[in-house]
Amino acid sequence: MADPKPLPFQYQFAAGAVAGVSEILVMYPLDVVKTRQQLDSTGAYNGTIRCLRKIVAEEGFSRLYKGISAPILMEAPKRATKFAANDEWGKIYRSFFGVSTMSQPLAILTGATAGATESFVVVPFELIKIKLQDKTSRFNGMGEVVKDIVKNNGVLGLYKGLESTLWRHIWWNAGYFGLIHQVRSLMPKPKTASEKTLIDLTCGTIGGTFGTVLNTPFDVVKSRIQAGSTRYRWTFPSVLLVAKEEGFAALYKGFIPKVLRLGPGGGILLVVFTTCMDFFRTIHEKK
């Protein structure tokens, strides 16, 4: 059976945007915890619950949402680009290889390419977010960060960490969309809307978890590169440096809050995206 005919780009983009904003509003505090742990070399922020308590006790509850303006502005184009690019690249690859249905290798290739595409949208927002989330940050908002970066490094300074971001998103999207395809193929066909939602939630959560296992080392070095350390410049040398100086486990700093966010978060993304796409499909078919 052929895959459902993809909707026009504007529907894919809108559905991805709604999915992204929904996920970030629910999961953002875990992203703050993840960043603190990745930048910490003293062990002061070990443990997800301990880190949450420490931030609230020392800096106030609102600190858990410090820097959220950048992700909110980022999530719409980021997630919209993720899903739209995945669908568009899927059409291109199916046409190129002369197939009508998606296979798992094709789903992995499509996801990886979509991740690379998404990276170019994400980098400036990620850089701003990291600089706001760092405990030592002297910035109070997005505008101050952008002004400082452009003043000292020019407009291209907003793309610091692009290479590491590319690797982070290529691995996560390849794992995410590849696993979603595989798990869906093993699931029974849903008979009701609630069954479809449960399957999407399960597939998205498993895909998000696997993608997080694959990409966390790249995320750790990306955070350090974007935080401004001159010791970390390129992805793979930085991965080796962290492993050598701090041990292999250091490459998974922040993994618990990251997987708690992107596991269920991946499920939320897929459920909201597919629900929006089903809604848009009914509108499109009426035209």
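Here, residue 1 is the first one in the sequence, and each next residue gets the next number.
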Taking only Lys NZ, Arg NE, NH1 and NH2, and the carboxylate oxygens of Asp or Glu, determine whether [X] and [Y] approach each other closer than 4.0 Å.
X	Y	answer
R231	E245	yes
R36	E59	yes
D148	K131	no
D278	R281	yes
K54	E58	yes

Would you mind reporting whether [Y] and [X] have side-chain heavy atoms less than 4.5 Å apart?
X	Y	result
K91	D87	no
K160	I149	no
D31	P257	no
L109	Y93	yes
N86	N173	no
V220	T216	yes
V32	R63	no
L106	V99	yes

Can you name the closest pair of heavy atoms from [X] and [Y] and give their distance?
X	Y	value
H169	G115	CB-O, 3.3 Å
A19	V272	CA-CG1, 3.5 Å
C203	L270	CB-CD2, 4.1 Å
V33	L52	CG2-CD2, 3.4 Å
S238	I225	OG-CD1, 4.3 Å
T117	W89	OG1-NE1, 3.1 Å

Would you please name every residue forming a ring pair (Phe, Tyr, Trp, His ring centres under 6.0 Å) with [X], sequence neighbours left out?
X	value
F279	none
F139	none
F273	F83

Please say yes or no: joined through hydrophobic side-chain contacts below 4.5 Å, possibly via intermediate residues, are [X] and [Y] part of one cluster?
X	Y	result
L179	F177	no
I256	F248	yes
Y176	V183	no
W234	V221	no
V121	L162	no

Check: Given the rule in the side-chain contact (heavy atoms from CB on, under 4.5 Å) test, do M187 and T202 qualify, once you have shown the distances and angles that lead to the verdict?
Finding: CA-CA 10 Å; M187 291 278 196; T202 302; 3.4 Å; yes
Next item on the list: Just say parallel, tilted or perpendicular for the rings of F218 and F236, cut-offs at 30° and 60°.
Entry: perpendicular
Next item on the list: Classify the angle between the aromatic ring planes of F61 and Y65 as parallel (below 30°), tilted (30 to 60°) or perpendicular (above 60°).
Entry: tilted
So for atom [atom1], which belongs to [X], do other residues, nucleotides or ligands contribute more than 12 heavy atoms lying within a distance under 6.0 Å?
X	atom1	answer
F210	CZ	no
R50	CZ	yes
L186	CG	yes

Next item on the list: Decide salt bridge (Lys or Arg N to Asp or Glu O under 4.0 Å) for R224 and E246; before the verdict, give the C-alpha distance in whole Å, the side-chain angles of both, and the deciding distance to 0.1 Å.
Entry: CA-CA 14 Å; R224 296 190 181 192; E246 302 173 46; 2.6 Å; yes
If you round to the nearest 0.5 Å, how far is [atom2] of [Y] from [atom1] of [X]?
X	Y	atom1	atom2	value
E126	S164	CD	OG	9.5 Å
S194	L198	OG	CG	8.0 Å
D219	F255	CG	CZ	11.5 Å
I108	I170	CD1	CD1	14.0 Å
Y159	T165	OH	OG1	10.5 Å
T235	E163	OG1	CD	3.0 Å

Side chains of [X] and [Y]: donor-acceptor distance under 3.5 Å anywhere?
X	Y	answer
N46	Q37	no
Q104	H181	no
D200	T274	yes

Next item on the list: Starting from the C-alpha separation in whole Å, work towards a yes-or-no answer on salt bridge (Lys or Arg N to Asp or Glu O under 4.0 Å) for K189 and E195.
Entry: CA-CA 9 Å; K189 295 295 182 182; E195 286 182 4; over 6 Å; no
Next item on the list: Carefully, step by step, assess Y232 and L241 under the rule side-chain contact (heavy atoms from CB on, under 4.5 Å).
Entry: CA-CA 8 Å; Y232 307 100; L241 180 62; 3.7 Å; yes
Checklist line | Test side-chain contact (heavy atoms from CB on, under 4.5 Å) applied to L158 and V123, step by step | finding: CA-CA 7 Å; L158 292 169; V123 176; over 6 Å; no
Next item on the list: With side-chain contact (heavy atoms from CB on, under 4.5 Å) as the test, would you mind laying out the steps for T212 and W172 before giving the verdict?
Entry: CA-CA 6 Å; T212 303; W172 196 88; 3.3 Å; yes
